[in-house]
Amino acid sequence: MKINRLFMSNSAFLPLILWIAIGGSPLVSFGQSTPFTFEKKGLFNSRTAIKMCGFALSQEQLIEFMAADPEMDEYTRPLTGLFLTKTILNTTGSILSTFPLIQLQLDQKPNLNLTYAGLATLATSAVLNKLFTKKAKKAATFYNNGYREPNPQAKFEWRPASNGLGLAIAF
């Protein structure tokens with residue numbers, strides 16, 4: 001009778017114990033499932049597109065993806081700040097550079113200083129867009145490397161092998 005009670009009390013906790021064991025297992029990981037890929041696009045291959053699962057991500061989608069990953073916080077905040085600044089400058093520059101055209105339509109003397117300020121703001125926005133792309137590529141590489149900074153330098157090292165000591169290239 002006591003054995004039956006002991007078995008019944010353990011069988012109630014068995015699914016809970018299995019769930020905890022599987023959930024804490026090193027086989028279950030929340031790491032990267034698919035890496036980012038980079039592709040050159042545009043007329044002169046001047047624009048870098050960041051792709052995931054074969055689809056090019058927009059800048060907003062990239063920021064949303066990185067914001068959902070707590071390991072990417074050090075990259076998400078600067079990218080978000082650059083994106084917002086670039087968007088505000090782009091909008092302001094567009095409005096400032098087209099306002100003199102509206103004045104021409106209303107038969108008023110256009111203020112060319114606004115045009116120059118708008119074009120300068122648009123140029124600044126283009127520079128920030130390039131900076132955003134560079135930092136986004138660096139963040140995607142960090143993600144692809146398993147949350148480690150890439151080491152671009154290769155070096156030769158002596159490492160043990162199955163049949164003795166061998167020369168290996170380490171990255």
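Sequence positions, counted from 1, serve as the residue numbers for this chain.
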Are [Y] and [X] connected into the same hydrophobic cluster when the rule is that any two of I, L, V, M, F, W, Y join if their side-chain heavy atoms are below 4.5 Å apart?
{"X": "M52", "Y": "Y75", "answer": "yes"}
{"X": "L57", "Y": "F132", "answer": "yes"}
{"X": "F156", "Y": "W158", "answer": "yes"}

Would you say Y116 has more than 12 foreign heavy atoms packed within less than 6.0 Å of its OH?
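No, the 6.0 Å shell around OH holds no more than 12 heavy atoms from other groups.
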Decide if atom CD of E157 counts as having more than 12 heavy atoms of other residues, nucleotides or ligands within a radius under 6.0 Å.
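Counting other residues, nucleotides and ligands, CD of E157 exceeds 12 neighbours.
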Could you pull out the closest heavy-atom pair between [X] and [Y], with the gap in Å?
{"X": "L96", "Y": "P100", "value": "O-CD, 3.3 Å"}
{"X": "A139", "Y": "M66", "value": "CB-CE, 3.5 Å"}
{"X": "F142", "Y": "M72", "value": "CD2-SD, 3.7 Å"}
{"X": "S97", "Y": "S94", "value": "OG-O, 3.3 Å"}

Just how far is it from atom [atom1] of [X] to atom [atom2] of [Y], taken to the nearest 0.5 Å?
{"X": "F36", "Y": "I50", "atom1": "CZ", "atom2": "CD1", "value": "7.0 Å"}
{"X": "L128", "Y": "F83", "atom1": "CG", "atom2": "CZ", "value": "12.0 Å"}
{"X": "L62", "Y": "L79", "atom1": "CG", "atom2": "CG", "value": "6.5 Å"}
{"X": "L119", "Y": "T124", "atom1": "CG", "atom2": "OG1", "value": "10.5 Å"}
{"X": "I63", "Y": "T80", "atom1": "CD1", "atom2": "OG1", "value": "4.5 Å"}
{"X": "F38", "Y": "T133", "atom1": "CZ", "atom2": "OG1", "value": "11.0 Å"}

Connecting only ILVMFWY residues whose side-chain heavy atoms lie within less than 4.5 Å of each other, what is the rest of F55's hydrophobic cluster?
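Joined to F55, directly or through intermediates: none.
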So which pairs with a foot in residues 40-60 pass salt bridge (Lys or Arg N to Asp or Glu O under 4.0 Å), sequence neighbours left out?
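Output for this query lists E39-K51.
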Would you list the pairs meeting salt bridge (Lys or Arg N to Asp or Glu O under 4.0 Å) in which at least one residue belongs to residues 74-87, sequence neighbours left out?
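Sorted pair list comes back empty.
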Could you tell me whether a side-chain N or O of S125 sits under 3.5 Å from a main-chain N or O of T121, the two making a donor and an acceptor?
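No; judged by distance alone, with no hydrogens or angles, the pair does not exist.
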Residue pair V127 / L131, side-chain heavy-atom distance below 4.5 Å
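Counting from C-beta outward, V127 and L131 never come under 4.5 Å.
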Hey, can you tell me if F65 and Y143 have their rings parallel, tilted or perpendicular (30° and 60° cut-offs)?
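Plane angle over 60°, so perpendicular.
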